[in-house]
Every structure is written in C-alpha cells, then in structure tokens.
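Heads up: the structure comes next, in structure tokens.
So you know, we letter chains A, B, ... as the sequences are listed, proteins then strands, and number each from 1.
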Protein chains: 2
Amino acid sequence: MSERVYTREQVTLEAVARHARVSRQTISNALNAPHRLAPDTLARAKQAIDSLGYRPNQAARSLRTSSSQLIGFRIEPTRDGINGAVLDRFLHALCEAADRHGYNVLLFAAADDAKEIEGYDDLLRRRAVDGFALAGTHPGDARTAWLAERGLPFITFGRPWGERRASHAWVDVDGAAGTAAAVDHLVEQGHRRIAFLGWPAGSGVGDDRHSGWLRAVRAHQLPTRGLAARGEDGVTTGHALATRLFQQSSPPTGLVCASDSLALGAMGAVTDRGLAAGEDVGVVGFDDTPVAVAVSPGLSSVRQPVEQAAVTLVELLAERLADATVAPAEKLIAPDLIVRPSSTRSTPSLVPSS
Amino acid sequence: MSERVYTREQVTLEAVARHARVSRQTISNALNAPHRLAPDTLARAKQAIDSLGYRPNQAARSLRTSSSQLIGFRIEPTRDGINGAVLDRFLHALCEAADRHGYNVLLFAAADDAKEIEGYDDLLRRRAVDGFALAGTHPGDARTAWLAERGLPFITFGRPWGERRASHAWVDVDGAAGTAAAVDHLVEQGHRRIAFLGWPAGSGVGDDRHSGWLRAVRAHQLPTRGLAARGEDGVTTGHALATRLFQQSSPPTGLVCASDSLALGAMGAVTDRGLAAGEDVGVVGFDDTPVAVAVSPGLSSVRQPVEQAAVTLVELLAERLADATVAPAEKLIAPDLIVRPSSTRSTPSLVPSS
DNA sequence: GGCCGTGTTCTGAACGATCAAATCGGCCAT
DNA sequence: ATGGCCGATTTGATCGTTCAGAACACGGCC
C-alpha cells in the first residue's frame, strides 16, 4: 500500500477510472472480476485504486447488488445460556470470521423475544442485513420459529432444544461430551464417587451437561445415586450444594460442575471442610471463564471452542446466503477440557478410600 | 400496526405511492417531513405505508443522504480497561441508545491497534459507518490520535490519559470518585486503617482509582503509609497482596480494591486469618461483576453506570454527526457504590482497636 | 379580473456502484 | 477480401431513495 492522502470527499469509481484512463467498469472488474482484465490493464487499474485509496461505496454497492454484507446479531442483556466472558469471545470470533468472508456484524438490542422479532422484521424490511446469527436458543424458541417459517437466512449457536426434527441450521458445542470428558479425567485421577453440580432441569444447556455426566459415570460403572445436585447458577449455590453432598455418609471426591460459578462455590466448600481442592477433591468447572485462571488453585474447566463455533456459523451462513437452496446443516463441536490444579493430584495412582 | 404479509420482494416507495394514489415524494415526506403534508394526505400515506409494511431501503437512503446510520465499534479481545461483563453491559446499552437515535452498531474485530486503525480507515472509505465509539483508551493511544488528527467523528468511553489538553470528546466514569466513596463508606463503618489494592502504576484507569483512595484517606486525615499494594489483576494477586498487608504490625481493617478479582482474593485472605469479611474487615471491589452478587458474603462494589455512559456517548456522537462544528465535550460520570455485607458491620458504631 | 403569496404536491436529477449488452480490435478460416 | 469468433473494454440502464425546484390550487387584495 503506497502512501495515501486521506480526504473527506468520496473517491468514486469515476475518479479512479479517469486516473487510470480506463472506464468505470474496468476498475469495477479489477476488484470483482480481475480475470477479465488484460494483465497490464489490471496492473494500471490496481495502481490507480491504490494511489487514490479507493474503496467502493458500500451503500451504492448494496443498492445495486441488494446485499448489505452485514450479519445481524441481537445482543442480549446477560441471560443464561451463553454468558459474559464467553459471549465476548464469541462476538469477537464472529466478527473476525465474518470479516474473512467480507461481512461485518450489525448489533442490535431488544428487551425481549417479541421485540427481538420486531427487530428482525425491521432490519429485513429495510434490507439492512443479509442474515442473522443467533446465540442462546432455548426450548420453545419463538424467534427461531418465526425466522424458520419465513425461510429467512439464519444460523443459531445452540441447538433447537426440544424439537424432534431440527427446523433450521445450527452450530453447537457438545456440552455432554464436555462433562463426560471431565468425568473420564477425574476417573483417571483415581476418583470413584463423582458428583454433578448443575442447574434446575428444563434449560436445554443444563440438561445436556447433566446427561454427559450421567452417561460417563454409568459407562465407568460408578454410582450416580444422590450424586446429582441442582440449583440456580451462582457461587453461593455451588457452596451450598457441595456442602450438602459432603454431608452424605459416603461423600463424593470428584465434582463436575455446569459452570465456573458453581465450581468456585464448590471449591470454597472443599476448603471449609479442611480438604484441598485437587489433592483431596477433584473439581471441574465449565466455560473456562477468567476466574478459573485467576483463582488458586487454578480451576480445571471445560472450554467451549466458541471461536471454532463462530467460524463454522459464518461459513454456513455465507453458504446459505450464496445459495438459498442448501440443506440446513447441523454441526456439533467437541469442547476442550482445560486441566488445572483443582482436579490433579501429585500422586494420581493413589486411590482414596471412599 | 395492522397485519402485514411478509414478502421477500422489496416494497418500494413507488409501490406505496401507487397504493395511496400520490407521488413518491409525498410518501417520503410522510416519513421524513410529515408537517409538510395536509392532514388527510398524511393519513392516507400512513395507511398505505402501514398496510404494505413499508420500510425505506437502507442502502438507497444511505446512498442518497450519504449517511449509513451506523456507529462503528471495535470489539477487543478482553484486555484491561473495560472488561468482560462490563463490556457486555456497555455494548447492550450502546445498541439501545443508538437505536433511540436511529442508529445501529457495526461491530468489527482487529488484532491490535495498528489493525484497528486500518479498520477505521477502511470503514470510512467505504462510507460504511458515520462515526465511531471507542472503549478502553490508554496512555499514548495511537487510535485516538489518528482519528483526532483527521477530525473524524468519534467519542471515547475513557479519558485521553496523559494528555495535557483533551484532543477529542469523551465520556468516562470517575473511578477516583468511586474509590473515594468506598473510603468514605468504610470510614462511616468505623474503619481507620484503609488500604488500597490495585494494579501496577501506568494504566490510567488503575492510577485514577488509586488517586481517589489517596485523596479520600488524606481528607479523613488517616494513614496511607504502607497501605497501597499493587500487582497484576487477579484473584491470586488479591490474596497475596492482602496477606502481605495483614502481616504488618498494624494491619488495615478496610480494603478498597481496584477490581472484583482483587477483592475476591482479598476476601479469601481475610477468611484465612480467621476473620470475617464485613464484620472484622471491610472489603470493597470495583465493577460490580456477577461474582460480587454470587459470592458469600456479598461483595460491596463500585458500579460503573455504563448504561448512562453509553447514552451520553451516543448523544454526543449524534450531535457531532449532525453538526461537525460542535466543540468536543467531556463528560465525567459519578459511579455508584453498591453496598453489600462484605463492608457492613452489624454494629457500625463499634470502632475497632487498631 | 389579474396578481401575488402560501401551502401542498409532483417531476426530474442525482447519489455511486453493478449488470447486461454493445462495441472494438485482432485473428483465423473460408 | 470477407465473415465469424473471441477476448477485452466501454456504454447505457438500473437499484430506491432524497433533494431542489417546478407546478398547481386556493384565497385575499387591489
């Protein structure tokens, strides 16, 4: 890129064409269909584009091609499903992935699901976006139903919970595989009684994580009875649930948690009993939030590869936007277990008496 | 709004005009300059607009008016300054505020400050955005310098740290007022030795929060010597710094922290010494992150009114976009101290022996 | 009756790009 | 020499809106 002077006036195709002594269309082709140009013409065109710092006016291009190159995303006021730090990572990744496909992300707010649908309607009618990315699907989701009915282009980060047959394309992280991996890891560390701390039934995401624990514990032929504790998300809940589990006649030595908040509380409960997280009781959280690194001992946690999810989502959406007839794809991505001291023993071979 | 059928084809001004038996421009005026129309014509136009579900094509409007009605915002991969949960709240508020002014938010990613500047350049050349919102300014910020030099429309959430005279318009939260309020509150609770846990010097935001503590403690004629501890942000650091403070001959009974992470670690250190946070040692965090509510006892924390900051930011930006000659404004917003058990005593009158 | 002002509505042009079709020039086969 | 073909380039039309100015209708006033 040669030095370019910044000017407030728009550099138009016309101006670049004059500068290169060719026609408008030739400059347009240099950018959109370079194979059509003779090598030297292309070089001359590119040189002119570069030296004037030309970028096509997005509005003009959108008007003519009727595509805004924008992906709509509704940002929600921190709810369950995808939360806080994870949402940040996802959004960032979404923007990057979109960028690589020549898109930008248009953010909009809406107070509730109904308003959100109005938002979709408005943006589409204004032709302000080409399609949508949705995060945090939930059972009986009115938004996906509305979009799917009309055959609009959108991909969700999150499965269509509770539908027999997927009504739309989606990308999701296999939460069950995550909790199952956590169980496997704890078994490897010598634990036999492995409990689950999760959210109340009915939340899709929470049930999924619970099912992974159940499946893995059964696969290892370990006990499950009385080892699943559930409550609203939060550090306090984690503390309370773990404390209750420890009061059993044969308390668990492994704790798989549906969130880092629950895990953080559980670690507190471990310490309260004079035990050491990691050495005596293995604790694994979920989502690998910043606290997991910051806490001591470091908290093992299941990390959602949201970057990969975002990349896949954008790929699917771009494909759908290029060709409206593609079949709705479904992609399940396996999460990564990040192992830290909270679940590792200095001597893993030593099996504790239960 | 009457029932409207969703169609994939664009409803144009032309179509609405035919339907209402008026000309294009009349419909346009019905939306943009209703005062120009005779009451009955306006009614007829509105009826036609409504029954066809017409919304002006954004691209066409942008092309003609050369304004995209988009505010650019670069999302950063979690850094210091504005972080995680706070960023979410800010983004959400930004979208809502933008919406009220008829704008949407365009999100884009950039790996570093240099790439970010390229991003600004690109978006402006493409006329894809009208202006920018920036969050997380830092001393010697190349981005704001670049934008300011060219007189481009942007407002930052964050002061121009380390500049003698502000080179651009900004909105910020008065962190010093926040830590000062925390000190006042702890004094009210009967504490006399009040320490500060913060980040290493040089971070603008961190120094600001430190200065508020210093100012307030001095105003109360309380000791400061050996009571400021600094280290990288994190729960572990908070624990270590607090522990060190407690080992002094006359340890502090009040802790004002630059972040909830530090405060969380400090609370752990309090418990480790067999003391009770709240009753024996008052702890106050910063940013009122979700953990502050979730932890036990609940952590008092200084809450940044980012919603208000976003509203103000958008107002300033909208003003600037409407009239390029307005003087750059500077708005400092006072934060709120959220008091929870971690800093309150059942008997505040009882002054502890120091 | 003609003129003027005011309020309302309509017409043509423009924003800056891409699409579709026309044009140009060179080359080869007839 | 002529026609056909092909690749490279240009021309005119178009996307849907807003702007600027023209046209129109209606009263009031001299």
Residue whose closest nucleotide on DNA chain C lies nearer the 5' end, A/Arg61 versus B/Val22: B/Val22
Just compare D/dT11, C/dG16, C/dC10 and give me whichever is closest to any side-chain atom of A/Ala60. C/dG16
Got a donor-acceptor pair under 3.5 Å from the side chain of A/Arg24 to the base of D/dG12? yes
Look at all strands and tell whether A/Asn32 reaches a base, only sugar-phosphate, or nothing, counting heavy atoms closer than 4.0 Å. sugar-phosphate
With a 4.0 Å limit, can you tell me whether B/Thr65 has a side-chain N or O closer than that to the phosphate oxygens OP1/OP2 of D/dT17? no
To the nearest angstrom, how far is B/Leu13 atom CG from D/dT14 atom C1'? 16 Å
I need the CG-P distance between B/Leu31 and D/dT17, as an integer number of Å. 10 Å
Please report, rounded to the nearest Å, how far the P atom of D/dC24 is from the CG atom of B/Leu37. 19 Å
Polar pair under 3.5 Å, donor/acceptor by atom type, side chain B/Arg36, base C/dT8: no
Compare all side-chain heavy atoms of B/Gln58 with those of A/Ser68 and state whether any distance is below 4.5 angstrom. no
Checking A/Asn32 against A/Arg61: is there a side-chain donor and acceptor pair closer than 3.5 Å? yes
Name the nucleic acid region contacted by B/Thr12, choosing base, sugar-phosphate or nothing; use a 4.0 angstrom heavy-atom cut-off, strictly under. sugar-phosphate
Nearest to the side chain of B/Thr41, which nucleotide is it out of C/dC15, D/dC15, C/dT8? C/dT8
For A/Tyr54 and C/dA17, what is the distance between atoms OH and C1' respectively, to the nearest whole Å? 7 Å
Would you call B/Asp40 and B/Arg44 a salt bridge, using N to O less than 4.0 angstrom? no
Whole-Å gap separating C1' (C/dA13) and CG (B/Leu63): 13 Å
Figure out the CD/P separation between B/Gln25 and C/dA14, and round it to whole Å. 16 Å
Nucleotide of D/dT11, D/dT17, D/dC15 approaching A/Arg64 most closely (side-chain heavy atoms): D/dC15
If you look at every strand shown and take non-hydrogen atoms under 4.0 Å, does B/Ser66 touch a base, only sugar-phosphate, or nothing? nothing
Does B/Gln10 contact D/dC15 through a side-chain donor or acceptor facing the base, at a distance under 3.5 Å? no
Pairing of A/Lys331 and A/Asp172 as salt bridge, 4.0 angstrom limit: no
Does C/dT9 have OP1 or OP2 sitting under 4.0 Å from an N or O in the side chain of B/Thr26? no
Quick one: A/Glu14 CD to D/dG12 P, roughly how many Å, whole number? 12 Å
Salt bridge present between A/Lys46 and A/Asp50 (N-O < 4.0 angstrom): no
What's the CG-C1' distance between B/Asp40 and C/dG7, to the nearest Å? 13 Å
